[in-house]
Amino acid sequence: MTTSSAYLALDWAGGWHSFWTGEIGLWIRDRGLRILMLVLLAMLIARFVNWSAQKVTRRIDADFQESDALVRSETAKHRQAVASVISWVTIALVFVVVLVQITSILAIPIGSLVAPAAVIGAALGFGAQRIVQDLLSGFFIITEKQYGFGDLVTLTLGSANDATGTVEDVTLRITKLRTSDGEVFTIPNGQIMKSLNLSKDWARAVVDVPVPATADLNKVNELLHAVCESAMDDPEMKELLLDAPQLMGVETIELDTVNMRIVARTLPGKQFEVGRRLRLLVVAAFSRAGIATPTESMPMVGAIVHPATSGGAEEETQGPTSR
């Protein structure tokens, strides 16, 4: 039993030795090992690049959290977008270089691949036009600083399709938006026809105040001017306003209402919060002054009954008639 086991062990060792000294074993030890090392190196570089990009992003977020600023600066938004793009491009270049090195290790003649590459390139040129368009559009979006991480934007995707939300990610190919309902839009950059940035540098809150046409407009003007002057002292608005709100005057005249407009310059993305607070102050001021809102002062209009209506209908709808 012992002798047979020894023979089996020697036979297995001899077979294993002949495998590694054979053609396949030599290929694995030479070219296979080099290919494996290149793939592992590419994966390590990709992980390092992703880690570096995330570290830069976390550092930008930490600087914003530690500062007293209420909104991100344009420089921080752009840096965060550029960090994402640089990491994506670097990883793509690393894998292209590794692919070329593997081709060289396998001794694949590049000259023989020219004709097939031309055919494949032409096919991809027709089939991948949208991808190329996405990449070029993303390049110009980032280099022109149209919008960045944290911006509130409205993107026009077609004649009647708009997407509004906060930018969560920008790459060369896609833009991700988070809507107010928590949904996430993933939009290819090549489909964006127009971008409207609602939070670049500064924003403007526009508040239209409907006033009954029968109200004293001079008194209304005085009340609204007082609201505008007191806005800078309001604890919820003074940090969001860049200057005092301004009363623009009568904006539109309708049958039973007159619309007065107030505008205020705010920090980027804070125009909606300021607009809600201004409306609350205006309503409170009107209530103290006894000025009714248009709905409260709207007259009741009765129905006009046709003469052919059955008897009693006129009295039910318009009350008893005087004799």
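These numbers come from the heavy atoms of this one structure, side chains and all, not from hydrogens, waters or symmetry mates.
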Item checked: Residue of the set Ile131, Leu136, Leu135 for which side chain to side chain contact (heavy atoms under 4.5 Å, CB included) holds with Leu172 -> Leu135
Notebook entry, point to check: Who pairs with Thr154 by side chain to side chain donor-acceptor pair (under 3.5 Å), at least two apart in sequence or on another chain?
Noted result: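 Partners of Thr154 by the side chain to side chain donor-acceptor pair (under 3.5 Å) criterion, ordered by chain and then number, come out as Thr164.
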Next item on the list: Please name all residues satisfying side chain to side chain donor-acceptor pair (under 3.5 Å) with Gln191, sequence neighbours left out, ordered by chain then number.
Entry: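 Once residues adjacent in sequence are excluded, Gln191 has no partner under the side chain to side chain donor-acceptor pair (under 3.5 Å) criterion.
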Partners meeting side chain to side chain contact (heavy atoms under 4.5 Å, CB included) with [X] (sequence neighbours left out):
X	value
Leu93	Val89
Glu273	Leu240, Lys270, Arg276
Phe95	Ala42, Ala46, Ile91

Check: Please, which pairs that meet side-chain hydrogen bond (donor to acceptor under 3.5 Å, both in side chains) have at least one residue in residues 219-237, sequence neighbours excluded?
Finding: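 Only Asp234-Arg277 qualify under side-chain hydrogen bond (donor to acceptor under 3.5 Å, both in side chains).
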Check: Who else is in the cluster with Leu196 when I, L, V, M, F, W and Y are joined by side-chain contacts under 4.5 Å?
Finding: Leu152, Leu198, Phe272
Notebook entry, point to check: Who else is in Trp51's hydrophobic cluster (ILVMFWY, side-chain heavy atoms under 4.5 Å, direct or via others)?
Noted result: Phe48
Applying salt bridge (Lys or Arg N to Asp or Glu O under 4.0 Å), name anything that partners [X], two or more places apart in sequence or on another chain.
X	value
Glu251	Arg261
Asp169	none
Arg178	Glu168

Note to self: Working note: Asp151 + Asn197, criterion side chain to side chain donor-acceptor pair (under 3.5 Å); need CA distance, chi angles, decisive distance, verdict.
What the structure shows: CA-CA 7 Å; Asp151 276 334; Asn197 195 329; 3.3 Å; yes
Item checked: Side-chain donor/acceptor of Arg279 to backbone N/O of Gly275, under 3.5 Å ->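 Such a contact is found between Arg279 side chain and Gly275 backbone.
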Next item on the list: Provide the closest heavy-atom pair for Ile187 versus Leu155 in the form atom of the first, atom of the second, distance.
Entry: CD1-CD1, 3.9 Å
To the nearest 0.5 Å, tell me how far [X] [atom1] sits from [Y] [atom2].
X	Y	atom1	atom2	result
Lys176	Phe149	NZ	CZ	12.0 Å
Ile174	Asn189	CD1	CG	8.0 Å
Thr179	Phe185	OG1	CZ	6.0 Å

Distance-only donor-acceptor pairs under 3.5 Å for side chains of residues 241-250, two or more places apart:
{"residue": "Asp243", "atom": "OD2", "partner": "Arg265", "partner atom": "NE", "Å": "3.1"}
{"residue": "Asp243", "atom": "OD2", "partner": "Arg265", "partner atom": "NH2", "Å": "3.3"}

Note to self: Within the supplied structure, the quantity of interest is the number of heavy atoms (other residues, nucleotides, ligands) at a distance under 6.0 Å from Met232 CE; does it exceed 12?
What the structure shows: yes
